Amino acid sequence: MSLQSLSPVDFKSWKELESLSKHKFELSALFNANPKRFQEFSIRNEDVLVDFSKNLIDEEVFRQLLKLAEEANLKKAIKSYFEGDEINETEGRAVLHTALRTSENNSARVDGKEVYADVQSVLAKMKTFADQVNSGERTSYAGKKFTDVVNIGIGGSDLGPQMIVDALAYYQEDIKPHFISNVDGDHVLETLKHLNPETTLFLIVSKSFSTQETLTNANTVRDWFLKSATQEDVKDNFVAVSTNISAVEDFGIDTENIFPMYDWVGGRFSLWSAAGLSIAVSVGSRNFQDLLDGAEDMDRHFKTSDFKDNIPVVLALLGIWYNNFLGAESEAIIPYTQYLQKLAPYLQQASMESNGKSVDRAGNRVNYQTGTIVWGEPGTNSQHAFFQLIHQGTKLIPSDFIGFKKSLHGNSTHHDILMANYFAQTEALMKGKSSDEVHAELKNQGLSPEEIQNLLPFKVFEGNKPTTSILIDQLTPKSLGKLVSMYEHKIFVQGVIWNIFSYDQWGVELGKQLAKNTLSDILSDRIENQHDSSTTELLYYYKS
Ligand SMILES: O=P(O)(O)OC[C@H]1O[C@](O)(CO)[C@@H](O)[C@@H]1O
């Protein structure tokens, strides 16, 4: 069953929201008017607290946003998503990354076909592999314990695993992880410079096994490896993760060393699959399972909670409110932990490759905004980089502040300072600083009335900047699984309401095609392909 094609602009709630968006939402006034605002606009789910009370909404806006979800038939869509219907219609596929972490009824069905046993057997193979590598039972061609593992992949075959491995560095095994994604030879050679072929394990991850960057990098790495080893040794140090088994075999990888992926798991949602082998190897199979369990907890919450108490649904609706009604173009992700420094780049692909669409499910050009621009950096670094613009610039940038009650290494002096900044920033963004306050402050500093007048406009903070505080007990594999799953479902909900197909990515194809022609022009004596004059001149300049 496919998702229905309903344009959101035709919904009654959409029109209501349009007229509500003309109101002024003063956060301080809203808090003063409702002493229970925090209680009403926050959701607690086990170790996760989401406080969305510092958003530019009142009770009526929230009610209409929830209605919007109802009118978009979200309930039915969630059912189709979890039941493995072919909701990725343009590619004729189900979207079932959730099946990779389900334990419910020992069952997962894709278009009516039971896949649970197969998923579990791949997972078991991954865990055994990771355990054997980490215990030293599985050695390199030289009979040595692996000291390094290199993931070669790009996009979803890199960003998710890399983000998780980085985020869980505290839980890391002895083996050192590396990631090669860009087809930038300098980066490949820079990485190889520090590696010993006798103790390095290579994981080639490519769902299609046809991605130019990954295959080029894999070939370069294999050539480097063969300078010290033989073709026969490839089977001990190279492993592949792919749906394209025959292409992997052609590359020379032993059938035993192939971990399958599924076409019903999109690349950008594949970290839970064998594409996450670098995670299982880096942090161990137990932690990988905890990651899956955490994601499943959030899946359950998403599937069963009323929309008003449903974290992914509420986050998605807030995003739609800012994007479609208040004119925001982007949203910032600000984790208050360095471990999550790759979260924003990961979410950029997950969100922007999914919802960066301008054609609705009926094939018509949409007449409303869709996917937002996602960006961010960890606090407090971001405070010293781009917070000036969030505080005093002209753009509306709703921001997610992700913080943890406890640090991992237990240094409370640092953690309290870090979290003081987390709380202070959301408060400062909301409250701002009025001209009266600035006036009093400058007067106290002994400035003359004229000096005060000159300086005052620059020191005023308008405030009223929206933030959502996501406060989690501690960064563990389980809580991380929950956090990632939460954002995955937020993306799904937004796609349903925007009436777009979130799970294809045709928009990346054109550049790939042109790059092939351009490469042939670079490699041949003459430029044979038709280009615009700018590109032609640039190519001549490059070749000269
Ligand atoms: O795993 P593959 O097939 O090499 O693809 C890598 C990435 O390329 C894309 O198809 C496009 O960028 C992504 O969706 C995907 O994650």
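Read the numbers this way: they start at 1 and go in the same order the structure lists the ligands and their atoms. Note that this is a predicted model, so its numbers are computed, not measured.
Protein heavy atom at the shortest distance from atom 11 (C) of ligand 1 is V508 CG2, 3.4 Å. Looking only at protein heavy atoms, the nearest one to atom 16 (O) of ligand 1 is G156 N, 2.6 Å. For atom 5 (O) of ligand 1, the nearest non-hydrogen atom of the protein is T211 OG1, 3.5 Å. Regarding atom 3 (O) of ligand 1, its nearest protein heavy-atom neighbour is S208 OG, 2.6 Å. Scanning all protein heavy atoms for the shortest distance to atom 14 (O) of ligand 1 gives E353 OE2, 2.6 Å.
By the 6.0 Å and 45° rule, K125 stacks over the aromatic ring of F259.
Residue I154 has at least one heavy-atom neighbour below 4.0 Å for each of these atoms of ligand 1: 6 (C), 7 (C). For ligand 1, the atoms lying closer than 4.0 Å to a non-hydrogen atom of G155 are 16 (O).
Within the 4.5 Å cutoff, the side chain of I333 has heavy atoms near those of the I402 side chain.
Checked by atom type, the side-chain pair D299/T98 shows no donor-acceptor distance below 3.5 Å.
Between H489 and F82, a ring centre-to-centre spacing shorter than 6.0 Å is recorded.
Nearest-heavy-atom check against atom 10 (O) of ligand 1 across E213, K512, R268 picks out K512.
Taking the six-membered ring for Trp and thresholds of 30 and 60 degrees, F251 and F238 have ring planes inclined between 30 and 60 degrees apart. Ring pair F202/F225 is perpendicular by interplanar angle, where above 60° counts as perpendicular and below 30° as parallel.
Here E256 does not pair with R138 in a salt bridge; the nearest charged N to carboxylate O distance is not below 4.0 Å.
In terms of N/O distances under 3.5 Å, ligand 1 is approached by S206.
Heavy atoms of K207 found under 4.0 angstrom from ligand 1 belong to the backbone as well as the side chain.
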